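Okay, structure first, notes after.
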Amino acid sequence: MRLSPDEIIYWQQGWFKLNATLVFTWALILVLAVGARLVTRRLTTEHRRSRWQNLLEIVVTAIVQQIEEVGLPDARKYLGFLGTLFLFIAAASLCTVIPGFEPPTGSLSTTAALALCVLVAVPLFGISDQGLRGYLKSYIEPTVIMLPFNLISEVSRTLALAVRLFGNMMSGGMIIAILLTITPFIFPVIMTVLGLLTGMVQAYIFSILAAVYIAAATRNREPKTSLNQQESHG
Amino acid sequence: MLIDWFTVGAQVLNFLILVWLMKRVLYQPILDAIDAREARIAKELSEAAATQTAAEKTRDDFRQKNATFDQERAALLAKAAEEAKTERQRLFDAARLAADAQKAKRAESLKNEAADFNASLRHKAQTEVFAVARRTLADLATTSLEQRAAEVFMDRLRSLDPAAKDQFARAIKAAASPALVRSAFDLSLEQHAEIRRAVNETLSADVPLRFETAPDLVGGIELTTPGQTVAWSIAHYLDTLEKRVGDLIAEKSRPARAQP
């Protein structure tokens, strides 16, 4: 039984393998980039605008709003990373309705890659926000004893991110495949619809968790200042 | 093995490329468009606010001008009304004065006309009465009017009371010039002698007399010394006639005046 699109290899030359994950990822990138380009090529600042521009504006502003609600006031700084995470995973989930499409997020390699990106991005944003020293200091808060736990937390949550997304996407595809063999009518359609919902929820969870991690890495200073203010008021 | 590390690396690269692409073709243009629209809306709102402010200012100015205009109009109307009132009063006064003057002039004219008429009537009556009397006397008696007038004059002279006679005599004596006998008609020499004789008899003295014809005596004769006069004429009758005629005219014209 095939668990991952990594196993579909179209062409291999030594360690270089052109598998389905990469091919469908490129296809998604192409669709997203070309689609966005087609719409943004004719942007207007008038009061009347095209439906596609409206759609993209709604998507972008909704993402910005979500990032702000998580606790990142300067949302545009994180929009590129978090927004792309969401859009990529959501697009991969939506495209599962296309027959023959293998979602790249159904590959543990892809989810691991995304989780690794988060693992790297969190300290990068944290350091850029409060400096290397300040960021590293957050690992020994409130005491040095917490350092190993914090480190374990970093690694485990990355692993959780990767496995959660992979498990959901893989299981969705798997269920549909199994149901197709048992009841070829009706039920696969329902499960596909359910899979769409699950995929959107996973895209939301993945990007929101990434946002929360970034927020946690960049907001370490804020409680202190508020504490100092309370003390000074007291 | 579920994880293919080559694929992981390739996917990391793919993801980074996607991030760059999305930033370039999606987020930045869309956010720029939103920002531009917000700026545009803000600008339009501020322009609208400025336009509204200007409109309100214009409205206030207009209202103020309207109020000023109303005040000025009211003041002008009041002034015009006052001037019209004054002018009306002036014209009314002038008209009244003119009417009064016209009335006075008319009254004067009427008075003059009446006086002229009276004079002419008097003259005419005098002439007519004299002519009638002359003709009547001529027809009924042998004596003329002149003769009869002289006789009446002499009778009157003789019938003077003694006190008057004395007064007359003293006056004649005191006078340097002879006493004057004036008559409206020419007296004959005989009449001259009769009158002289009557005067002498009456005053018991030889009185020098001078005769003179004066048509304005209205058919009469008079003896005049300084301070004293004895006369007879129809002037008295004519005066009475004139008075009666005047009364009659006044009586006739009174209702005519009262009517308008």
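Order of the sequence lines sets the chain letters (A, B, ...), proteins ahead of strands, with each chain counted from 1. All values reported here derive from a predicted model rather than from experimental measurement.
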So which heavy atom on B:Val25 is nearest to which on A:Arg37, and how close?
CG1-CD, 4.0 Å
Picking from B:Gln28, B:Arg40, B:Lys23, which has the most non-hydrogen pairs under 4.5 angstrom with chain A?
B:Arg40
Between CZ of A:Phe16 and CZ of B:Phe6, what distance do you get to the nearest 0.5 Å?
4.5 Å
Carefully, step by step, assess B:Tyr27 and A:Leu87 under the rule side-chain contact (heavy atoms from CB on, under 4.5 Å).
CA-CA 12 Å; B:Tyr27 306 131; A:Leu87 286 180; 3.5 Å; yes
Which portion of A:Arg49 sits near chain B, non-hydrogen atoms under 4.5 angstrom
side chain
B:Phe69 atom CZ, neighbour heavy-atom count above 12 within 6.0 Å:
no
Toward chain B, the part of A:Leu79 with a non-hydrogen atom under 4.5 Å:
both
Does any non-hydrogen side-chain atom of A:Glu46 lie less than 4.5 Å from one of B:Arg37?
no
Filtered by a 4.5 Å non-hydrogen cutoff, the part of residues 79-100 of chain B contacting chain A is none
Distance-minimising heavy-atom pair for B:Ala33 and A:Leu43
CB-CD1, 3.9 Å
Can you say whether A:Leu85 sits under 4.5 Å from chain B via the side chain, the backbone, both, or neither, judging by heavy atoms?
both
Between A:Leu116, A:Thr111, A:Leu28, A:Leu114, which has the largest tally of heavy atom pairs under 4.5 Å with chain B?
A:Leu114
Among residues 41-68 of chain B, residues within the sub-4.5 Å heavy-atom range of chain A, in order of number, are B:Ile41, B:Glu44
B:Asp32, part contacting chain A, at a heavy-atom distance under 4.5 Å:
neither
When rounded to the nearest 0.5 Å, the distance separating CH2 of A:Trp26 from CD1 of B:Ile17 is 9.0 Å
Checking heavy atoms, do the side chain of A:Ile29, its backbone, both or neither come under 4.5 Å from chain B?
both
What's the verdict on side-chain contact (heavy atoms from CB on, under 4.5 Å) for A:Phe81 and B:Leu16, showing C-alpha distance, side-chain angles and the deciding distance?
CA-CA 9 Å; A:Phe81 181 69; B:Leu16 293 177; over 6 Å; no
Closest approach of B:Ala36 to A:Thr45 (non-hydrogen atoms, all atoms of both residues):
CB-CG2, 3.3 Å
How far apart are the C-alpha atoms of A:Thr84 and B:Leu26, what are their side-chain angles, what is the distance that settles it, and do they pass the side-chain contact (heavy atoms from CB on, under 4.5 Å) test?
CA-CA 10 Å; A:Thr84 309; B:Leu26 181 64; over 6 Å; no
Approximate separation, where rounding is to 0.5 Å, of B:Thr7 OG1 and A:Lys17 NZ:
5.5 Å
Select one option (side chain, backbone, both, neither) describing which atoms of A:Thr61 are under 4.5 Å from chain B's heavy atoms.
side chain
Do A:Ser109 and B:Gln11 have side-chain N/O donor and acceptor atoms under 3.5 Å apart?
no
Identify which part of A:Phe166 has an atom lying under 4.5 Å from any heavy atom of chain B, answering side chain, backbone, both or neither.
side chain
Which one of A:Pro104, A:Ser4, A:Cys117, A:Ala112 has the most heavy-atom pairs closer than 4.5 Å to chain B?
A:Cys117
Contact class of B:Leu21 relative to chain A, heavy atoms under 4.5 angstrom
side chain
Contact between B:Asp4 and A:Trp15 at the side-chain level, heavy atoms closer than 4.5 Å - yes or no?
no
